[in-house]
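Working notes, beginning with the structure itself.
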Amino acid sequence: MKKIKYILLASVVALGMTSCNDFGDINIDPENLNETNVPYAMVFSNAQHQALGSDWDMWRTGCIYSAEWTQQLSSIDWWHYYARYEWSDGYSGSFWDTFNGDRGAVRDVTTCYDLWKEDPERQADYNMARVMRIYMMAKMSDLYGDIPYSEAGRPKLTNYPKYDKQEDIYTSMLAELQEAQANLASGQSALGAHDLYYQGDVAKWKKFANSLMLRLAMRLVKVNPTLAKQYAAQAVANGVMTSNADNCKLDHVGGKTTNDSSEPFAKINAHEDREFYLAKTFVDMLKSTKDARLCLIGTVAPTQDGKQYTDVQKNSDGLWTTADYGNMSYAAQDGMPVGGYSNTGSSQYFVGKVDNRFNNADFLAKYGAYFSSPNRCTYADPEAPTFVVTYAQTCFLMAEAAQRGYISGDAATYYNNGVKAAFEQYAQFPDYAAALSALNADATVGLGSGATLAQYADAYLKANPFNAAKALEQINTQYYINTFGDPHEVFANWRRSGFPALQPAAMAKLDGQCATDGSIPRRFRYPTRESQVNKEHYDAAVANMGGDTFSTRVWWDKQ
């Protein structure tokens, strides 16, 4: 919990740093935290933590919107409106608040970036801050398009930063990643344990920087394939992740759902909001290839009121009961219908129209006992890691890059390595052994006592070999599966690649509040207040992008 205390303190410190005054250094109080005595390593820790979101924005832009739009999660009770593409200003703008509001991830990392830039003793830390800032900015731009970039995170210089064009942002980010990784070689940074991702391991940061460069390069395949090829090849030549040991992740040891210490996606699905189920699209996809990971991803959990499953709260001994884990068997997993359906019988959106079981009153009252939720041993474990960029994702991107002729090497080999890494990545969940034990005993896909994740990967690849004729679909479908739990990245890569092929919500066109023409949204809308408090720059961005709607495409999402 020591790290979490640091993070919470850093939030207070950073907020104090943004106070506006005209008194300069003569007004600095040495008895209290201020610009001269603030522990900036803790500010960097806070930036790393907040960059990954909180349950506030993960709930709204992540689960309610991105995960329902990409049909990995489904809700038929509280959140079915948004699966029909209804717009909520507070929900659509919630990640912007994390980016630019009191949590201040961009402000904090930019403060460190500026402070360490000219410090010869902190060059490793400076280049780590560069990589961290680019990760944040890329995610923000992927969600909204044109955003404040060059002037962002410096409230003492400007409270109303200009919006940079996404094309310019990407060009800048790729060039800066190339510079930053060149200055990250080996050894230990001064940050040490305050670096929550790699504990100051500079060589790991270099691999992270290049793997992120590959991700950003591949975003551009539709809009600028020449630049995509240039930086994809450069990233691989520089040195990307080579095993799951290189995964960039934030661990949540001792994480509790009663505060921000737990994994955000897990907190929502373990405690805050138990009305999300695995979507039928997602479950059926896994079952179509007899994918054993379904037993590691889903569980049919015990219910509290017939619909919501009970809180995943460990008891005083730090343990859950056997019942709390639910039924992880392959045969039991069932996906909730997708399409914006409601559980209200009188509604025009009633789910009973597509699943006759809901027309039975007893089933309707207790449907939570039949549908899959995120697994409590993995994605709904509050102590689970938050994955930032992974080796498996990197392998899949290399497979696509090789298939497109951007890099040398065999696409099938990269793909196979990615599938193996994706299976073995489950070992980085602290409680995965319980799910693996249940999987090994499974009557449908289990391989018997003592079977390993590597053996399941081999079995999967034997049954589902790489098919060059469907390479892009196959590669990006695997990316979609592996990125479950990170809805923002799922949404971004789905828009970039077009895979998996998803059908728009069936009920969207019936909904008078639908914010699109019935098609799946392509981006988030800016918070309404931006059109008021930063109107000049907001208007310029909207004009450049051609609108500010759910249907407006970001620059790299060329039709």
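Because the structure is predicted, anything quoted here is derived from the model rather than measured.
- Trp555 has its side chain out of reach of Ile169: every pair of non-hydrogen atoms, C-beta onward, lies at least 4.5 Å apart.
- In this structure, the ring of Tyr480 has its center no less than 6.0 angstrom from the ring center of Phe499.
- Below 30°, between 30° and 60°, or above 60°: for Tyr82 and Trp79 the angle between ring planes is between 30° and 60°, a tilted geometry.
- At most 12 non-hydrogen atoms from other residues, nucleotides or ligands lie less than 6.0 angstrom from NZ of Lys165.
- Under 4.0 Å is where a charged nitrogen must lie from a carboxylate oxygen, and between Lys256 and Glu263 no such pair does.
- The pair Arg133-Glu176 fails the salt-bridge criterion, with no side-chain N (NZ, NE, NH1 or NH2) lying under 4.0 Å from an Asp/Glu carboxylate O.
- In this pair, Phe44 and Trp205 present their aromatic rings tilted. The plane angle is within the 30 to 60° band.
- Proximity of the aromatic rings of Phe423 and Tyr456 is defined here by a centroid distance below 6.0 angstrom, and this criterion is not met.
- For the pair Phe396 and Glu400, the minimum side-chain heavy-atom distance is 4.5 Å or more.
- Ionic pairing of Asp381 and Arg376 is not present here: no N-O contact between side-chain nitrogen and carboxylate oxygen is shorter than 4.0 angstrom.
- A ring pair (Phe, Tyr, Trp, His ring centres under 6.0 Å) with Phe550 is found for one member of Tyr144, Tyr65, Tyr85 and no other, namely Tyr65.
- For Phe524 and Trp69, the distance between ring centers is under 6.0 angstrom.
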